[in-house]
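The structure appears below as structure tokens.
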There are 4 protein chains.
Amino acid sequence: MTKTRHHGNRHGRSEEARQAVLDAADDLLVERGFAGVTIEGVAARAGVAKQTIYRWWPSKVDILLDAFVGDMNEELTPPDLGSLADDLTTYLPMLAAFLTETDQGAVFRALAGQAQHDPAVAVRFRDECVVPLRARDRLLLERAVERGELDGDLDVEVAIDRLLGPLYYRVLVTGEPITRTFTDELVRDFLGT
Amino acid sequence: MTKTRHHGNRHGRSEEARQAVLDAADDLLVERGFAGVTIEGVAARAGVAKQTIYRWWPSKVDILLDAFVGDMNEELTPPDLGSLADDLTTYLPMLAAFLTETDQGAVFRALAGQAQHDPAVAVRFRDECVVPLRARDRLLLERAVERGELDGDLDVEVAIDRLLGPLYYRVLVTGEPITRTFTDELVRDFLGT
Amino acid sequence: MTKTRHHGNRHGRSEEARQAVLDAADDLLVERGFAGVTIEGVAARAGVAKQTIYRWWPSKVDILLDAFVGDMNEELTPPDLGSLADDLTTYLPMLAAFLTETDQGAVFRALAGQAQHDPAVAVRFRDECVVPLRARDRLLLERAVERGELDGDLDVEVAIDRLLGPLYYRVLVTGEPITRTFTDELVRDFLGT
Amino acid sequence: MTKTRHHGNRHGRSEEARQAVLDAADDLLVERGFAGVTIEGVAARAGVAKQTIYRWWPSKVDILLDAFVGDMNEELTPPDLGSLADDLTTYLPMLAAFLTETDQGAVFRALAGQAQHDPAVAVRFRDECVVPLRARDRLLLERAVERGELDGDLDVEVAIDRLLGPLYYRVLVTGEPITRTFTDELVRDFLGT
DNA sequence: CAATAAGCGAGACGGTACGTCTCGTCTTTCA
DNA sequence: TGAAAGACGAGACGTACCGTCTCGCTTATTG
């Protein structure tokens, strides 16, 4: 059965339109930056009516959140190499590359930026972007606790802040490149070796 | 001397208008957020013509940069208590309060946000906001080097990243409150005690 | 026979839906004016799907034409009092009241208005509204011809224009109220007495 | 002094923009009908920003009223041939041609149409279009009264209705062409000869 | 001590994008 | 197979700001 393109029906939205909007928003963000993502532009690029966008997303931020959440899982799988040192040594450069070099990372940074301007965005940004990312971070540390590599009394949340804070700081504030040397030092420092 | 409000003159700008614009921009940012800072709004609030703003500032970001730089010095003086441990234990909460609770901090966060959206803003943000702030951080560490409390080979820039990165991460990303416990642990960890 | 409301069947259109649409259009026209008659509004008011309207009427004008034609016969029956003078003296105020005070008249005026904007509407308006109304006018005059009260050579169409033109002019152009004095004068003038 | 094109200044509006809007509205009305006159279309055609239109005209009807009033005087000057019979015999075909064949007439008919849909438009239409046109009509009759060709007791307003009503009726309702024969008969009938 | 020229408040201008509204089409499901 | 439901592409609506411009006033030098 060749699924023909449909233009709306009784039971729910057009998945085709949804995906076209998410892709268009993503593309525009990467090509022209956050200000270049306009509802009109997304609609035109996606070949979709503005109203279709407004029907499903309250604002362009919601589109980007949707776009980010959709693809995040595929792009950043934390390693499981058997030792915390190896895992972190591998994972931190991966995370840095994800944040600075991928389209997903561009969306993350745009949302982080918008979160500074709008408290409501900040809430959604944390719930839908930061929390899932930290879940990956936590996974690594919790495996190490199970293996006995870390003290069971460790406050994992604080540990994540201390381990990854410097990395995010460079990404979002100084713009300094994140070298292997830098991440290795962070790991060494964290492990206390 | 009853200085009557003047409407321009041959040589040089009106300091009165300049200050009114900076104040209005600051107020609007705090009251209504970054999107609420419009040139028209600032002009109206400052009792100034739009053209007067455009004559001196290329964009609203430049106004905010101007406003931030002008008052920063007054608000955040690093302590000099004789020992690095004391200095840092005092300074980190000061910095956290500056970033999260003052109008200056609101401007910093707004500019950090906008820096994510616009590379040109990012450059100016780093040069005019981040660099001066880091100069304060560096001052503390360099004094400690002079006192022999820190190794002379220390890469101060990286040290700042590791010491303050977690703090900025909480401010800009997780929104988690920065407690005294948290800063004390950062200091303890940094000093390796 | 408990005729349940049906939602489509294989035996032709729903008369119930048809009447609901015509009534809703009429009501909306009277309540909110021509611009207030939207297909969506009519559908909602009639409890009918938009598509059901589009299936049977090409545009809202067609709905109004349908509504007008349907009820016209009941509202304006020309008198037959035995003399042209009496007939006209009675008929002109009736016609004026029909045009200015009844829902049917409101529909007529709306269609007349729309006829000014759209030549296609103009054609249908004349065929379906003006011609039937003039048939009533003509009836009176032709009866008078048969009775010998009017010259058989009279161009009846032109006569109608001259007799009723001033009345329509007031209705559609000046908005001046049509008094008994005015219609009586028109009749007197027409009869040349 | 060659008046340079200006883009707004302290002392009021751009006459250039005003005229461009009126012309564009007029052109669009003639080319595409009333529904084809959209604010966006007028703005695009006139090379003007939408806001410039909204600044000066509340609605498209106001633009058309403005356009009609501006040019009316040039297009329809009642004759003064010395006798009422000659004046009317000349004037009625002129008026008919004005209403049915000129761009001004198209605007008049469009406004008359819209007046049927909107009472507020009706008021303005009468004040700004009908009254000035009737002033021309009245002029002819009042000159005849002065010359003693008409009874001084004549109710001029009613006389105009009776003389011109049939003409407007054909223009707005039946669409029947207005021949010289028809106007001559109207004049003859009116003069009672 | 006038003439001059720059800065100023004011605000109209050509634009872009906003978020809303209604249009007329299309698809699905039910009776 | 007609009707209800409602998503869809399309496009005009009226608003908010953008950044540019012109204007006439004010004021501090300059000739």
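Letters A, B, ... are given to chains in the order of the sequence lines, protein chains preceding strands, and every chain is numbered from 1. Note: hydrogens, waters and symmetry copies are ignored here, and every other heavy atom, side chains too, is used.
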Counting side-chain heavy atoms from C-beta on, which of [options] comes nearest to [X]?
X	options	result
E40(B)	dA4(F), dC18(F), dC13(E)	dC18(F)
A17(D)	dC13(E), dC23(E), dC8(E)	dC13(E)
T38(D)	dA4(F), dG19(E), dA12(F)	dA12(F)
T52(B)	dG9(E), dG24(E), dA17(E)	dG9(E)

So CZ of F34(C) and CG of L111(C): to nearest 0.5 Å the spacing works out to 7.0 Å
Distance, rounded to the nearest Å, where [X] contributes [atom1] and [N] contributes [atom2]:
X	N	atom1	atom2	value
E16(A)	dA7(F)	CD	C1'	13 Å
K50(C)	dC21(E)	NZ	P	14 Å
I53(C)	dG6(F)	CD1	C1'	14 Å
E15(B)	dC8(E)	CD	P	11 Å
D62(B)	dC18(F)	CG	P	14 Å

Judged by each residue's nearest nucleotide on DNA chain F, which is more toward the 5′ side, K60(D) or G41(B)?
K60(D)
Please check if the side chain of [X] supplies one atom and the backbone of [Y] the other of a donor-acceptor pair under 3.5 Å.
X	Y	result
E128(D)	L65(D)	no
H117(C)	A110(D)	yes
K60(C)	V42(C)	no

Quick one: on DNA chain E, does Y54(C) or I39(A) contact a more 5' nucleotide (nearest heavy atom)?
I39(A)
Starting from the 5' end of DNA chain E, give me the residue, S59(C) or V37(A), whose nearest nucleotide shows up first.
V37(A)
Please state whether the phosphate of [N], meaning OP1 or OP2, lies under 4.0 angstrom from any side-chain nitrogen or oxygen of [X].
X	N	result
R55(A)	dC8(F)	yes
W56(D)	dA12(E)	no
R13(A)	dC8(F)	no

Using a cut-off of 4.0 Å on non-hydrogen atoms, how would the nucleic acid contact of W57(B) be classed: base, sugar-phosphate, or nothing?
nothing
With no angle test and no hydrogens, is the base of dC26(E) tied to the side chain of Q51(C) by a donor-acceptor pair under 3.5 Å?
yes
Electrostatic pair D66(A)-R18(A), nearest N-O below 4.0 angstrom
yes
